[in-house]
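Along the sequence shown, residues carry numbers from 1. Here the structure is a predicted model, which means the values were calculated and not measured.
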Amino acid sequence: MRSFLFAVAYWFLSVSYSLMALILTLFPGRKPVKWIIQRYTRRMVQAMRIFAGIRLEVRGRENIPDQPVIFACKHHSWGDGFCIYSQFDDLAFVTGDHLEKFPLMSALLAKLGAIVVNNCGGIEARKTLANRSADAARDGRSILIYPEGHLNAPGTYRRYRSGVWHMMNNFNMQVVPVATNLGLFWQETQYRKTPGTAILEFLPPIAPGLSKDEFLATLRDRIEQRSQELISEATGEPFQPSVLASG
């Protein structure tokens, strides 16, 4: 019943706020659309608590520097984006071009200043990432990126991509790793939700200067280690290292 009630709330909020946001794209500037999307993500986190029984606990705010940064996050489910976006007033986010397949979504993403890249990767995707990230950095906005580029079940990970390393060095921005155990309660795109306390934790930032391989290994180890610790904390099970997902 909880999963059903949350599904109803999810689609009601998504459709309602999307229609409002699309209307607001007709107004000049980003502020009207930014305002409505802020409310949307915060109402979604509220709906998670009320209907699905998933309470969000945020830790490590003291690790977020005063200046704009790159948030590199673990990606367990669709809920990750709502949880982290709801914590900030303005955040540029990197997303795949699959979202542009939805009607009118392209205009909305452009108005938000989202960084849309080709899911297939390649040279053009890297150029797009660099150009649109430069726009966000110039505006003084922090950037949200999921370095694995895919949703992953708890306890698994995929190869961390190098785009975040290029962004860090191009714009001289620190990278704040973000760990989570949300996948225990809302896994990937699954309908079923499990009540509990989901934790979103900001970890100490990584400064520019590391080689690509050293940086990606450091980022992966910090995110995977802490995410698995949060999973162990929530389940009461012994700590288990995450494993590389196949496929």
Side-chain angles (χ1 to χ4, degrees), residues 29-31 33-34 37 60-75 80-81 83-85 87-100 105-106 108-152 157-180 200-227:
R30 293 180 51 252
K31 286 186 178 180
V33 174
K34 183 186 73 171
I37 295 301
R61 290 185 183 275
E62 67 277 5
N63 291 320
I64 303 176
D66 292 333
Q67 67 269 26
V69 298
I70 301 167
F71 294 105
C73 305
K74 185 65 185 172
H75 204 10
D80 296 321
C83 289
I84 192 167
Y85 201 96
Q87 303 303 307
F88 302 97
D89 291 330
D90 195 8
L91 195 63
F93 58 94
V94 179
T95 184
D97 57 359
H98 62 284
L99 288 181
E100 293 187 323
M105 186 59 72
S106 180
L108 181 55
L109 291 172
K111 200 71 169 182
L112 277 173
I115 303 165
V116 183
V117 297
N118 190 316
N119 280 326
C120 297
I123 295 175
E124 289 305 315
R126 289 194 292 272
K127 287 181 179 178
T128 300
L129 180 62
N131 293 336
R132 297 192 180 179
S133 299
D135 293 338
R138 186 179 58 252
D139 293 341
R141 288 186 288 154
S142 290
I143 299 171
L144 167 64
I145 187 170
Y146 294 100
E148 295 168 276
H150 292 274
L151 291 169
N152 291 289
Y157 71 94
R158 295 182 190 243
R159 180 180 63 84
Y160 278 52
R161 299 180 178 184
S162 61
V164 62
W165 179 80
H166 290 289
M167 291 164 58
M168 175 183 69
N169 287 287
N170 288 345
F171 313 125
N172 195 34
M173 296 172 73
Q174 296 183 77
V175 174
V176 176
V178 186
T180 187
L200 186 73
E201 184 167 348
F202 300 99
L203 307 178
I206 304 172
L210 299 177
S211 68
K212 182 171 68 174
D213 290 343
E214 184 181 5
F215 167 78
L216 291 175
T218 299
L219 180 67
R220 180 199 63 217
D221 292 347
R222 288 190 186 181
I223 292 176
E224 297 302 321
Q225 171 80 16
R226 188 58 186 151
S227 292

(request) Identify which one of Leu144, Ile143, Val176 satisfies the side chain to side chain contact (heavy atoms under 4.5 Å, CB included) criterion when paired with Val69. (result) Val176
Give me the atom names and distance for the closest heavy-atom approach of [X] to [Y].
{"X": "Lys74", "Y": "Tyr146", "result": "O-CE2, 3.6 Å"}
{"X": "Ser142", "Y": "Phe71", "result": "CB-CE1, 3.8 Å"}
{"X": "Leu91", "Y": "Phe88", "result": "CD2-CD1, 4.1 Å"}

Just to verify, what does [X] make a side chain to side chain contact (heavy atoms under 4.5 Å, CB included) with, not counting sequence neighbours?
{"X": "Asp66", "answer": "none"}
{"X": "Gln67", "answer": "Pro65, Gln174"}
{"X": "Leu151", "answer": "His75, Trp78, Glu188, Thr189"}

(message) List the residues meeting salt bridge (Lys or Arg N to Asp or Glu O under 4.0 Å) with Asp80, not counting sequence neighbours, and say none if there are none.
(response) none
(request) Decide yes or no for His150 and Arg161: does some side-chain heavy atom of the first lie under 4.5 Å from some side-chain heavy atom of the second? (result) yes
Only pairs under 3.5 Å count here: list side-chain donor-acceptor contacts from residues 202-223, not counting sequence neighbours, and write none if there are none.
unit_1	atom_1	unit_2	atom_2	d
Ser211	OG	Glu214	N	3.3
Thr218	OG1	Glu214	O	2.8
Arg222	NH1	Pro204	O	3.2

Results of side-chain hydrogen bond (donor to acceptor under 3.5 Å, both in side chains) for [X] - residues two or more places apart only:
{"X": "Gln87", "answer": "Arg61"}
{"X": "Asn152", "answer": "Glu148, Arg158"}
{"X": "Tyr85", "answer": "none"}

Kindly compute the distance separating [atom1] ([X]) from [atom2] ([Y]), expressed to the nearest 0.5 Å.
{"X": "Thr180", "Y": "Ile84", "atom1": "OG1", "atom2": "CD1", "value": "9.0 Å"}
{"X": "Arg141", "Y": "Arg30", "atom1": "CZ", "atom2": "CZ", "value": "4.0 Å"}
{"X": "Phe93", "Y": "Ile37", "atom1": "CZ", "atom2": "CD1", "value": "7.5 Å"}

